[in-house]
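The block underneath contains the structure these notes are about, expressed in structure tokens.
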Amino acid sequence: MAVALFSWTGHSKFIAYNTTSTIVNGKINVHLVPHTHDDVGWLKTIDQYYVGSNNSIQDACVQNVLDSLVPALLADKNRKFIYVEQAFFQRWWDEQSEIVKSTVKKLVNSGQLELINGGMCMHDEAATHYIDMIDQTTLGHRFIKAEFNVTPRIGWQIDPFGHSAVQAYLLGAEVGFDSFFFGRIDYQDRAKRKNDKTLEIFAGAFPENYEPPSRFYYEVNSGTDDPIVQDNPNLFDYNVMERVNQFVAAAISQANITRTNHVMWTMGTDFQYQYARTWFRQMDKFIHYVNQDGRVNALYSTPSIYTDAKHAADEYWPLKSEDYFPYADKQNAYWTGYFTSRPALKGYVRVTSAYYLAARQLEFFRGRSKAGPNTDYLADALAIAQHHDAVSGTSKQHVADDYAKRIAIGYTEAEKVVAASLAQLTNSASKTGYNHSSIKYQPCPLLNISYCPPSEVDLSKGKNLVIVVYNPLGWKREDVVKIPIVDENVVVKDFRGKEIESQFIPLSHVSVAIRKYHAKAYLGKLPKVTPRYWLAFSAIVPPLGFSTYTVSSAKGAAAGGGSEKESVNVSARNEDHKIQVGSGNLKLVYSGKNGQLTKYINKRSMVDESVEQSFGYYSGDDGSVDMQASGAYIFRPNLTYPIRYEKKVPLTVFRGPILDEVHQRINSWIYQITRVFKRKEHVEFEFAIGPIPINDGIGKEIVTKISSSLKSNKKFYTDSNGRDFIERIRDYRKDWNLEVNQPVAGNYYPINLGIYTKDKSSELSLLVDRAVGGSSIVDGQLELMLHRRLLEDDDRGVAEALNETVCIADNCQGLTIVGKYYLRVDPLGEGAKWRRSYGQELYSPFLLAFTEQDEHNWNSHVPTFYGMSPSYALPDNVAILTLQELEGGKVLLRLAHLYEVGEDKDLSIMASVELKKVFNNKKINSIEETSLSANQKRSEMEKKRLVWKVKGSSKEPKVLRGRPIDQKNLVVELSPMEIRTFIIDFYS
């Protein structure tokens with residue numbers, strides 16, 4: 001019961017509001033779900049939001065929300081509340097006394113306070129990679145389990161801008177969720193679903209967004225004028241019956257568009273309940289008076305209670321396949337720009353995510369240190385960066401800077417873990433007693449700007465540069481290592497001391513200029529030396545292991561191979577001249593007339609395909625016609641412009657024993673290097689784009705287009721968070737008849753791994769190095785948006801134009817992006833092997849660490865390391881997603897099958913992993929399979945999970961899974977697309 005005190009001219013009386021209501025059969029039940037949606041950064045940084053500073057931007061303080069929530073719940077045991085973002089909750093929890101913690105635990109155990117979703121943030125679903133989504137969810141779920149001994153059972157992704165298939169089946173069902181609620185789906189889709197009552201599929205989309213119905217909003221000082229329930233007849237403006245009628249009308253309206261007699265009202269929105277009593281006072285009154293009226297039933301509820309009520313109704317629910325991309329909230333407003341927005345941040349998240357995966361493996365091999373450096377800070381920083389206003393690129397600039405700063409701090413700490421682990425592992429068999437702590441390994445985190453101080457050393461005085469190349473994948477791997485050096489008079493030796501083939505490629509003037517400017521901008525000083533060359537060599541590294549390579553002065557011996565240079569002045573007079581590059585199976589042919597790529601030839605696979613690559617840009621709409629501009633969220637192209645090659649600049653080719661490079665100055669702000677490796681059968685495109693010119697007053701969205709003769713019939717395929725590939729059909733939606741109003745933006749999709757198209761004989765595939773947007777606007781053509789610079793805000797709340805700059809003192813210039821994408825053409829049915837296997841190599845590149853040693857000292861160290869049995873490797877269709885020592889010494893292992901059912905004739909099959917060989921130096925004491933987020937036994941999760949009836953079938957579709965692990969032989973089976981998670985305890 002909630003109690004209210006009224007006074008009038010000295011007289012007072014108590015009203016005991018009856019809030020004890022529960023579900024009533026035969027009536028519309030209105031489930032009031034009090035909640036707050038707390039972005040872990042958007043207009044303010046996460047810490048500013050938490051403490052309530054910088055309120056000139058937004059009046060929001062999460063500390064106030066949680067502080068005021070506890071007494072409000074204690075005031076009435078019937079009140080309920082849900083909380084989501086663990087990054088905030090854990091900050092608050094760490095500050096509380098044991099008395100408060102005990103009280104909160106009682107609120108959680110009683111069900112008054114429910115922790116749902118449970119990740120560190122409400123992650124984005126377009127620009128996030130599935131491994132990052134799993135990691136950030138695991139971090140939150142394991143905290144909740146440790147502190148409260150509960151497992152979240154509801155997915156609550158109410159604000160991300162579209163929803164992925166991976167989120168539903170992987171971060172929903174596989175973490176044990178019984179239902180999944182979300183807010184944003186296309187306005188045309190929503191209208192149809194309202195009409196045929198298919199908003200809820202269990203997942204469930206809200207009727208509008210995640211706010212209360214109109215006129216039921218009660219935050220103090222919010223600027224709204226929603227009428228309270230004024231129930232004191234001694235005061236003016238008494239309105240109980242009026243407000244009850246409005247409540248009933250809103251309830252009936254919502255019931256008309258959903259199934260069963262249960263409707264949910266999301267009572268809250270962004271950063272609400274800073275004064276929780278103001279909300280609960282009004283809800284107490286509504287429950288009391290609405291239930292007295294009796295036409296509908298109102299109750300305090302949570303998504304769990306609501307889900308159980310829906311399930312008990314024994315309804316058949318529609319099945320939704322694929323995803324909810326792209327998302328438009330109105331005509332001409334497709335939220336597809338953010339697929340590419342802030343490409344530097346997207347790239348930084350991807351690079352550090354891969355480093356985090358490898359660093360945890362090395363931390364495991366060394367043994368987790370309680371006192372020394374660990375990977376925890378990077379884990380937290382990357383978790384926060386998955387937020388739907390972080391990696392999405394939709395925050396204010398100072399907030400984006402804060403995300404990057406946190407990652408940089410975590411990366412620096414993880415570097416120490418890697419250095420300490422490698423120092424121990426390379427020294428572990430030393431017979432000389434040489435102190436491994438004196439070996440100082442250094443990383444090269446700025447290789448993207450050709451900056452690597454450890455490799456830019458003078459080796460002429462007898463020192464050797466030792467490069468430890470670590471392979472975080474579970475199979476043996478050969479790849480090309482490229483590092484900047486100051487002198488070409490060097491040789492490379494492998495871990496046996498045998499000289500191996502190497503190649504020198506001159507650093508381009510563009511690379512040198514980018515290096516100088518950004519090193520000064522980020523480090524505050526110019527580099528002391530300028531490298532002249534890239535040194536390239538092929539490294540062969542065992543699975544979960546490392547090999548060491550030594551670079552030393554040639555000392556009169558033959559140095560590594562130089563690169564033969566060929567400059568071609570492209571002109572109409574060279575129309576018949578063809579330039580061919582590639583010394584292996586793959587050949588590219590360029591036109592001497594215009595310098596453009598014309599042919600892709602693979603003599604092994606017999607592919608001979610006409611392929612062209614070009615750049616263009618969309619001019620961003622300024623919103624002058626209908627107030628909808630292109631911005632951080634919205635892609636609203638106005639016109640399309642091709643970017644012409646500057647014909648006066650020659651096409652330059654460097655040929656060598658390891659790779660060939662084609663250098664092209666496209667224009668004054670685009671430079672491209674195209675690489676063909678002797679032992680690989682794909683093309684690597686490296687681009688430097690920027691600063692994008694805006695002196696014409698036009699924002700620009702830069703795309704690359706790969707054109708072919710494939711007859712793709714409007715169909716193409718994009719990945720879902722780096723996992724499944726989903727068929728897309730241009731200007732078509734499976735669930736409704738699409739009204740096409742944006743033929744470009746409305747056909748853009750998020751890409752984390754790749755995009756491909758095909759016809760009856762061939763497949764054309766592109767892979768990417770970070771999250772981007774892409775499409776196939778023309779048959780046989782794929783396009784990727786690589787960079788955006790815009791001059792208008794798109795009116796979705798961030799209130800800033802997407803105009804990123806990099807500054808040295810007061811001198812600022814537009815952001816330059818250096819990135820890569822990869823091209824391959826295969827016969828039909830053969831492209832999946834490359835997309836999956838090389839795609840995994842792209843996500844988990846070699847980890848490089850450098851040290852400078854003299855030959856005598858280094859000879860006593862371990863030249864190569866095998867993390868698994870030297871004779872064993874994982875199957876080609878299996879990857880290790882997580883190998884991490886937890887607190888207490890147990891180990892988290894996560895294995896993933898990389899292929900879909902029917903995707904590849906050889907690899908879309910059941911796979912087996914022999915754990916005894918994976919951990920050949922350790923003996924397993926016990927192993928327990930868990931949910932994906934490692935917070936409960938999988939067997940227990942399966943037993944308690946609700947089973948929903950699906951329309952057209954009496955059961956949920958059955959998913960093929962590997963058999964339970966054989967506790968004796970310790971063999972793990974994985975079916976296609978299956979991910980299995982284990983907690984392992986080893987004998988000490």
Just jot down the ring pair (Phe, Tyr, Trp, His ring centres under 6.0 Å) partners of [X], sequence neighbours excluded, or say none.
{"X": "Tyr348", "value": "none"}
{"X": "Phe161", "value": "Trp335, Tyr338, His388, Tyr633"}
{"X": "Tyr600", "value": "none"}

Do [X] and [Y] have side-chain atoms, one donor and one acceptor, less than 3.5 Å apart?
{"X": "Tyr671", "Y": "His663", "value": "yes"}
{"X": "Thr128", "Y": "Gln386", "value": "no"}
{"X": "Asn803", "Y": "Arg789", "value": "yes"}
{"X": "Glu612", "Y": "Gln781", "value": "no"}
{"X": "Glu900", "Y": "Ser908", "value": "no"}
{"X": "Tyr169", "Y": "Asp724", "value": "yes"}
{"X": "Ser353", "Y": "Asp132", "value": "yes"}
{"X": "Gln813", "Y": "Thr805", "value": "no"}
{"X": "Arg824", "Y": "Ser765", "value": "no"}
{"X": "Lys734", "Y": "Ser321", "value": "yes"}
{"X": "Arg728", "Y": "Thr718", "value": "yes"}
{"X": "Asn721", "Y": "Ser164", "value": "yes"}

Rounded at 0.5 Å granularity, tell me how far [atom1] in [X] sits from [atom2] in [Y].
{"X": "Trp834", "Y": "His682", "atom1": "CH2", "atom2": "NE2", "result": "6.5 Å"}
{"X": "Asn585", "Y": "Lys678", "atom1": "CG", "atom2": "NZ", "result": "11.0 Å"}
{"X": "Ile692", "Y": "Ile817", "atom1": "CD1", "atom2": "CD1", "result": "8.5 Å"}
{"X": "Gln628", "Y": "Asp794", "atom1": "CD", "atom2": "CG", "result": "6.0 Å"}
{"X": "Glu727", "Y": "Tyr732", "atom1": "CD", "atom2": "OH", "result": "9.0 Å"}
{"X": "Leu170", "Y": "Met977", "atom1": "CG", "atom2": "CE", "result": "9.5 Å"}

Determine whether Glu739 and Gln188 satisfy the following criterion, side chain to side chain contact (heavy atoms under 4.5 Å, CB included), listing intermediate values before the conclusion.
CA-CA 8 Å; Glu739 178 185 330; Gln188 295 181 38; 3.6 Å; yes
With a cut-off of under 6.0 Å to the ring centre and 45° to the axis, is [X] in cation-pi contact with [Y]?
{"X": "Lys330", "Y": "Tyr187", "value": "no"}
{"X": "Arg835", "Y": "Tyr756", "value": "yes"}
{"X": "Arg184", "Y": "Tyr324", "value": "no"}

Mind running salt bridge (charged side-chain N to carboxylate O under 4.0 Å, His left out) on Asp735 and Lys320 for me, showing each step along the way?
CA-CA 9 Å; Asp735 294 335; Lys320 165 70 177 176; 2.4 Å; yes
I want to check something: taking the side chain as every heavy atom from C-beta on, are [X] and [Y] in contact at a cut-off of under 4.5 Å?
{"X": "Thr394", "Y": "Val798", "value": "no"}
{"X": "Lys599", "Y": "Asp608", "value": "yes"}
{"X": "Arg733", "Y": "Leu738", "value": "yes"}
{"X": "Arg342", "Y": "Ser392", "value": "no"}
{"X": "Val662", "Y": "Tyr590", "value": "yes"}
{"X": "Asn752", "Y": "Tyr130", "value": "no"}
{"X": "Val391", "Y": "Lys346", "value": "yes"}

For atom CG of Asp906, is the number of surrounding heavy atoms from other residues, nucleotides or ligands below 6.0 Å larger than 12?
yes
Quick one: do Thr674 and Val683 satisfy side chain to side chain contact (heavy atoms under 4.5 Å, CB included)? Show the steps, please.
CA-CA 7 Å; Thr674 306; Val683 185; 3.4 Å; yes
For the residue pair [X] and [Y], is the inter-centroid distance of their aromatic rings smaller than 6.0 Å?
{"X": "Tyr748", "Y": "Phe339", "answer": "no"}
{"X": "Phe685", "Y": "Tyr821", "answer": "yes"}
{"X": "Tyr749", "Y": "Phe325", "answer": "no"}

Should Asn747 and Asp731 be marked as a side chain to side chain donor-acceptor pair (under 3.5 Å) after you check the CA-CA gap, both sets of side-chain angles, and the distance that decides it?
CA-CA 7 Å; Asn747 286 299; Asp731 295 335; 2.8 Å; yes
So Lys587 and Asp660, salt bridge (charged side-chain N to carboxylate O under 4.0 Å, His left out) or not? Walk me through it.
CA-CA 10 Å; Lys587 312 286 185 185; Asp660 291 356; over 6 Å; no
Please determine whether side chain to side chain contact (heavy atoms under 4.5 Å, CB included) holds for the pair Leu473 and Glu841, giving the CA-CA distance in whole Å, both sets of side-chain angles, and the decisive distance to 0.1 Å.
CA-CA 8 Å; Leu473 296 180; Glu841 293 183 13; 3.5 Å; yes
Using the salt bridge (charged side-chain N to carboxylate O under 4.0 Å, His left out) rule, pick out the option among Arg730, Lys714, Lys715 that qualifies with Asp779.
Arg730
Trace of the salt bridge (charged side-chain N to carboxylate O under 4.0 Å, His left out) decision for Glu903 with Lys833
CA-CA 9 Å; Glu903 188 175 25; Lys833 281 189 177 71; over 6 Å; no
Yes or no on salt bridge (charged side-chain N to carboxylate O under 4.0 Å, His left out) for Glu763 and Lys758, after CA distance, side-chain angles and deciding distance?
CA-CA 4 Å; Glu763 298 180 20; Lys758 63 183 180 180; 5.8 Å; no
Quick test of your reading of the model: are Arg679 and Glu478 salt-bridged, counting only N-O distances below 4.0 Å?
yes
Using the rule given for side chain to side chain contact (heavy atoms under 4.5 Å, CB included), can you reason through Leu786 versus Phe615, listing the C-alpha separation, both sets of side-chain angles and the distance that settles it, and then say yes or no?
CA-CA 10 Å; Leu786 303 177; Phe615 287 97; 4.1 Å; yes
